[in-house]
Amino acid sequence: MSVAPRREDYDVVVIGAGPAGLAAAATAAEAGLATLLLDENAGPGGQVFRAIASTPVTDRKQLGEDYWVGADLVQSLRAGSTEVIHRATVWSLDRNLDIAVSIGGASAFIKARRVILATGALERPFPIPGWTLPGVMTAGAAQTMLKSSALVPDGRTVIAGQGPLLWLLAAQILRLGGRIDRILDTTERGNYFAALPHAFAFLTSPYFAKGLSMMREVKAKVQVVSGVTELAAAGDGQLASVSYVAGGKRETIAADLLLLHQGVVPNVNLAMSAGVEHRWDDLQLCWSPVLDASGTSSVAGIAIAGDGAGIGGANAAVVRGRIAARAAVEALAPASAAKLASMAALRSDLAKAERGRIFLDTLFRPAAQFRIPSGDTIVCRCEEVTAKDVLDSVAIGATGPNQLKAYRRTGMGPCQGRLCGLTITELMAQARGKTPQEIGYYRLRAPVKPITLAELAAVPKSEADVKAVVRG
Amino acid sequence: MFKRSEQDKRPPVQIFVDGIAVAARQGDTVSAALLASGVDARRSTAVSGAPRLPYCMMGVCFDCLVTIDGVGNRQGCLVPVAEGMQVEIQKGKREIGR
């Protein structure tokens with residue numbers, strides 16, 4: 001059922017079928033542009049609308065109305081002429097807008113006049129002692145299983161961390177009859193005061209009422225411990241217990257499953273490998289691409305929409321997708337732009353969708369001890385490198401993430417830094433007394449997801465390609 | 001660790017995990033089916049042999065690596081189950097030729 005792209009070139013190629021990608025592709029196709037949507041998952045929706053076209057959870061109230069918004073986006077996409085390919089992993093994008101995509105174990109090569117990256121977000125690393133133990137997962141992982149397979153935790157379950165997703169997940173697990181023994185809230189007390197000046201915008205945003213009622217729903221059924229300042233998972237080859245400190249008091253509880261969450265960060269790998277300039281965001285504590293108001297990046301022809309452009313949430317992602325697509329239409333087929341919503345209307349939609357974001361970012365800014373680990377805590381899960389290993393390497397001369405690869409192979413495993421990159425940057429910045437911006441990030445290159453050597457070797461080669469590497 | 005909600009009416013799919021029949025549902029990923037099955041699905045890492053289970057379930061962490069129909073290092077969280085699929089829990093690094 002693997003289908004290669006029908007054409008070799010497209011007006012617009014959208015990468016990622018979450019809220020931003022669905023909206024961008026539908027908009028570009030509506031204006032008559034030849035549009036291709038490539039997505040790694042088995043169906044549309046990305047993470048927030050995961051399994052929107054196939055979820056076995058049929059009681060709409062259980063997943064919440066915000067989830068089902070995704071069904072309308074999918075419907076709009078399918079009503080149009082966008083070519084959609086799922087289970088398609090884009091492993092290369094360059095400045096010429098040449099794209100390599102792996103579909104069913106074979107690679108296809110296509111060229112775009114405009115690329116809209118909608119690769120979304122991933123969960124911020126949560127490097128605590130024991131986070132690699134079987135039984136420790138992200139909250140997003142549990143939510144993915146809940147949405148796509150109606151699976152809920154049934155052992156002794158602890159949820160730890162902070163942020164809106166954590167409460168949404170807890171509510172969804174309870175509604176589906178799952179088990180949660182305790183919620184450990186790591187929100188720093190000082191954050192409440194820091195967020196206060198931004199409270200007005202938040203109070204008038206739709207997040208406020210929804211968030212409050214969800215927290216009430218969860219707190220009525222689950223013991224919530226707030227002000228958690230230390231957290232560790234322990235067990236011998238399998239999670240057995242979670243220990244934490246709250247209000248200066250340490251407690252250890254038996255657990256089969258620990259779900260961690262401290263916000264999401266842009267998934268930067270493909271954009272960075274294409275050479276898109278990124279800057280360190282001091283509020284969101286992550287790398288964000290440098291973009292203009294239409295989402296256009298530093299690489300001509302590449303725009304970024306959705307959470308990959310800086311975390312803004314699903315509603316903002318949809319609007320950013322439409323803005324990026326409209327900008328592509330204005331450039332490629334200006335006459336067709338008239339049938340789309342005006343840029344002014346879209347910008348006003350975006351301002352509305354982003355209202356309250358600064359409050360959330362400030363309130364849920366994760367604490368330093370949960371971002372910058374110490375001692376034997378694993379930082380790089382793939383190569384099993386600890387915080388101490390990193391600091392030792394700094395002590396003998398490693399200056400930044402790229403040098404560190406030579407010392408410790410951090411970021412060189414299959415996840416390509418997705419789960420250690422931010423930690424490495426912040427850890428090295430702290431150790432060297434530099435800013436994260438000064439320390440920098442891994443230099444990312446294609447292939448941004450592993451492909452087999454056989455697949456790479458099967459790539460069509462021109463005579464010039466062969467001559468370039470053959471002597472004589 | 002996980003159980004199925006009763007409202008899940010998807011048709012069953014049978015897969016084999018290290019030769020043992022395991023009941024999955026149409027639309028499950030390999031990783032979801034393994035976590036729902038109750039079998040010991042812990043792989044071991046290529047570096048130290050430490051046991052791992054899936055961490056992110058969204059194609060990022062590579063802790064779900066598994067051998068599927070004779071091909072190693074597949075991301076189980078991105079591959080949907082299919083009738084008769086042969087899954088092997090991968091211990092250590094991928095072997096040459098599979």
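If you're wondering where the values come from, they're calculated on a predicted model, not measured in any experiment. Proteins come first, then strands; the chains are lettered A, B, ... in the order of their sequence lines, and each starts at number 1.
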Between [X] and chain B, with a heavy-atom cut-off of 4.5 Å, which part of the residue counts as in contact: side chain, backbone, both or neither?
{"X": "A/Thr157", "value": "neither"}
{"X": "A/Gln62", "value": "side chain"}
{"X": "A/Arg50", "value": "side chain"}
{"X": "A/Glu383", "value": "both"}
{"X": "A/Leu260", "value": "side chain"}

Looking at chain B, which one of [options] has the largest number of heavy-atom pairs inside 4.5 Å, strictly under?
{"options": "A/Leu259, A/Thr138, A/Asp154", "value": "A/Asp154"}
{"options": "A/Arg179, A/Glu384, A/Met145, A/Gln47", "value": "A/Glu384"}
{"options": "A/Asn269, A/Thr452, A/Val152", "value": "A/Val152"}
{"options": "A/Glu123, A/Gln143, A/Gln238", "value": "A/Gln238"}

Got [X] and [Y] here, is their nearest side-chain heavy-atom distance under 4.5 Å?
{"X": "B/Gln75", "Y": "B/Leu65", "value": "yes"}
{"X": "B/Leu35", "Y": "A/Leu151", "value": "no"}
{"X": "A/Leu257", "Y": "A/Met137", "value": "yes"}
{"X": "B/Val39", "Y": "B/Leu34", "value": "yes"}

#### Entry: Neighbourhood of chain B inside residues 52-60 of chain A, taking heavy atoms under 4.5 Å as contact
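Checking residues 52-60 of chain A against chain B gives A/Pro56, A/Val57, A/Thr58, A/Asp59.
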### Task
Can you check whether anything in residues 407-418 of chain A gets within less than 4.5 Å of chain B, heavy-atom wise, and list it by number?
A/Pro414, A/Cys415, A/Arg418
### Task
State which residue, out of A/Thr132, A/Val136, A/Leu133, fulfils the side chain to side chain contact (heavy atoms under 4.5 Å, CB included) condition with B/Arg52.
A/Thr132
### Query
If you count the non-hydrogen atoms of other residues, nucleotides and ligands that lie under 6.0 Å from NZ in A/Lys388, is the total more than 12?
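Result for NZ/A/Lys388: open.
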Can you tell me which portion of [X] sits under 4.5 Å from chain A's heavy atoms? Options are side chain, backbone, both or neither.
{"X": "B/Arg25", "result": "neither"}
{"X": "B/Val79", "result": "both"}
{"X": "B/Arg42", "result": "side chain"}

#### Entry: Electrostatic pair B/Asp28:B/Arg10 at N-O distance under 4.0 angstrom
yes
### Message
Under a 4.0 Å threshold between the charged nitrogen and the carboxylate oxygen, would A/Asp256 count as salt-bridged to A/Arg156?
### Response
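Salt bridge present between A/Arg156 and A/Asp256.
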### Task
Would you check if the side chain of A/Thr144 reaches a backbone N or O of A/Gly140 as a donor-acceptor pair within less than 3.5 Å?
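Here the side-chain-to-backbone pair exists.
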### Query
Does any N or O in the side chain of B/Ser44 come within less than 3.5 Å of the main-chain N or O of B/Gly92, such that one atom is a donor and the other an acceptor?
yes
### Task
Please check if any side-chain donor atom of A/Gln172 sits under 3.5 Å from a side-chain acceptor atom of A/Arg175, or the reverse.
no
### Query
Quick one: CG on A/Leu166 to CD on A/Gln262, what's the gap to the nearest 0.5 Å?
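The distance works out to 10.5 Å.
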### Message
Under the rule for salt bridge (Lys or Arg N to Asp or Glu O under 4.0 Å), what residues qualify as partners of A/Arg381, not counting sequence neighbours?
### Response
B/Asp63
### Largest heavy-atom contact set with chain A, pairs under 4.5 Å, which of B/Val71, B/Thr45, B/Thr29
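Of B/Val71, B/Thr45, B/Thr29, B/Thr45 has the most heavy-atom pairs under 4.5 Å with chain A.
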### Considering all heavy atoms, the nearest A/Cys380-A/Cys420 contact
CA-CB, 3.7 Å
### Message
To check you understand the geometry: which heavy-atom pair defines the closest contact between B/Val47 and A/Cys382, and what is its length?
### Response
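Result for this residue pair: CG2-O, 3.5 Å.
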### Task
Hey, could you give me each pair passing ring pair (Phe, Tyr, Trp, His ring centres under 6.0 Å) that has a residue in residues 33-62 of chain B? Not counting sequence neighbours.
A/Trp131-B/Tyr55
